[in-house]
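One structure below.
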Amino acid sequence: MPPISACVVVCLVLAGGFGSLGQAVAFDGKPAADDAIKVEDLSPREALRTGARQYYAGDKAAALSSLQYAARKGQPMAAWKLGEMYAKGDGVKEDDIKAFEYYSQVVREHGDSGPHEPDAPFVASAFVALGTYYLNGISDAVPQNVARARQIFTHAASYFGDPEAQYELGRMYEGSSSRLAVRWYNLASLKGHVGAQARLGETLYNMAHSDAQKARGLMWLTVARRQVHGTDADWINEMHERYFSLSSENVRKLARGMADNWITQNRPDMVTAQQVPSQ
C-alpha cells in the first residue's frame, strides 16, 4: 500500500479521524454558536480542526484565520495547508513567496521529525515544495538553485521515502545518469506514482538491448496508462502509444502479460472493478 499522503491526512482531520471538537461550549457550560468562540480561545489542535472544517465547508476566509493561528502555534499541518493555499491561489491570492515562507516554516520547525511520525507526510511534502521552488526560482525572491533542489529532493526521497521527491530526482538525472534515473523512478513506481511508472518505462525501453528488456519498459508504460487520470493522462497516453507503435508483436504480448500480473498483485481494486458487471 502506498504511504499515506499529506492530502489524505487533511481529509482524515476533516472527517474526524483524529478526533472531533463536537459542538462548541461556552464558559457557562451551555452550547454556544460557532462565532461566539474566538480562534484564540481554542487550543492549536482545535484551531487546526476548525480550520479544516471551515475550509471544506467552503468558508475559506474563516479557515485562513484559524489555520494562521494554528500555524503560529506550531501546527505543521496548518502551515503546510497555508502553503498549499497560497501556492495554488486557493481561497487567497496566489503568492509563491508566502507559500515558500509557510513551507519553510514546516521544514524549519519540524524538519527533524521521524519518517513514521504523524506529521511526516506534511514535512515531506513541504520539502518537495521547497525543492521545486529552488529548482525553478521565484522571480527576484528565490534564485534558481538546482544543486539545492537536488539536495532537498534527495533528503525527502531518502529519509521520508517520498514518491514525489523520488520522481523529481528521476527527472533531474535524466540525460546525465540513466542508472540513477531508473533507481529513483523505480522506487516511486513501486509506491504507485503513475508519472514515475511512465518515465521508468520510457527509460528502460530506451536502454533495452533485447525484446525482454523492451517488454519490461513497455509493461511499466502500460501499467501507467491503465491507471492514469486527470492532467497526466494526455502525455502518458501519448508516450504509451509512441512506444507501443515501435514494438514488435512479441514485445507487446510480453508487456501485456507482465502488466496484467502487476495490476493483479498491486491494484486488486482495479481487477475487482473490471469484474463487476455493468447495470
Side-chain angles (χ1 to χ4, degrees), residues 1-21 39 42-53 55-56 63-64 66-88 90 96-135 138 142 145 147-170 172 183-184 187-193 196:
M1 179 181 294
I4 188 167
S5 70
C7 293
V8 170
V9 180
V10 167
C11 293
L12 287 175
V13 171
L14 173 66
F18 293 136
S20 174
L21 285 177
V39 67
L42 303 175
S43 71
R45 190 67 172 174
E46 289 170 336
L48 169 63
R49 293 171 180 163
T50 298
R53 286 202 305 273
Y55 175 87
Y56 287 104
L64 183 67
S66 298
L67 292 172
Q68 287 173 335
Y69 176 77
R72 288 197 300 272
K73 295 298 182 178
Q75 289 292 315
M77 188 192 300
W80 172 83
K81 185 59 182 176
L82 287 165
E84 293 286 288
M85 291 173 70
Y86 279 108
K88 300 173 182 177
D90 182 13
D96 285 326
I97 296 175
K98 285 188 177 181
F100 181 87
E101 290 172 349
Y102 277 116
Y103 291 133
S104 297
Q105 177 185 336
V106 176
V107 169
R108 182 175 61 253
E109 297 179 356
H110 305 277
D112 58 353
S113 296
H116 303 296
E117 293 183 17
D119 294 330
F122 310 104
V123 179
S125 180
F127 270 109
V128 174
L130 287 180
T132 303
Y133 278 128
Y134 278 114
L135 182 63
I138 305 176
V142 179
N145 189 331
R148 178 62 173 154
R150 181 182 287 110
Q151 180 185 41
I152 292 172
F153 287 142
T154 299
H155 178 72
S158 302
Y159 183 68
F160 291 101
D162 186 271
E164 187 65 27
Q166 292 165 348
Y167 171 72
E168 291 295 342
L169 280 173
M172 294 186 78
R183 175 195 175 191
W184 291 115
L187 288 171
S189 294
L190 294 175
K191 295 183 176 77
H193 194 294

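Just so it is clear, the model here is predicted, and its values are computed rather than measured. Along the sequence shown, the residues carry numbers beginning at 1.
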For L67 against L48, the heavy-atom pair lying closest together: CD2-CD1, 4.0 Å
Taking atom NZ of K81 and atom CG of L64, what is their separation to the nearest 0.5 Å? 12.0 Å
Look only at the side chain of H110 and the backbone of G74, and say whether a donor-acceptor pair between them is shorter than 3.5 Å. yes
Walk me through whether F153 and T132 qualify under side chain to side chain contact (heavy atoms under 4.5 Å, CB included). CA-CA 9 Å; F153 287 142; T132 303; 3.8 Å; yes
How close do S125 and D162 get, counting heavy atoms only, and between which atoms? N-OD2, 4.5 Å
Of all heavy-atom pairs linking E117 and S113, the shortest is OE1-CB, 3.7 Å
Is there a side-chain contact between Y55 and M85, using heavy atoms and a 4.5 Å cut-off? yes
Does any donor atom in the side chain of Q105 or R108 lie under 3.5 Å from an acceptor atom in the other side chain? no
Flag side-chain contact, heavy atom, 4.5 Å: D112 against Y159: no
I need the R49 CZ to S66 OG distance, nearest 0.5 Å. 13.5 Å
Of all heavy-atom pairs linking F160 and G111, the shortest is CZ-O, 4.3 Å
Got a second to check how far I152's CD1 is from E168's CD, nearest 0.5 Å? 12.0 Å
Locate the shortest heavy-atom distance separating A157 from L169; write the atom from each residue and the value. CB-CD1, 3.6 Å
To the nearest 0.5 Å, atom CH2 of W184 lies from atom OG of S158 at 3.5 Å
Nearest 0.5 Å, please: how far is CD in Q75 from CG in L82? 12.0 Å
Would you call the rings of Y133 and Y103 parallel, tilted or perpendicular, taking 30° and 60° as the class edges? tilted
Quick check: closest heavy atoms across A188 and P163, and the distance to 0.1 Å? CB-O, 3.5 Å
Side-chain (E164) to main-chain (V128) donor-acceptor, under 3.5 angstrom: no
Ring centroid separation F100 to Y134 under 6.0 Å: yes
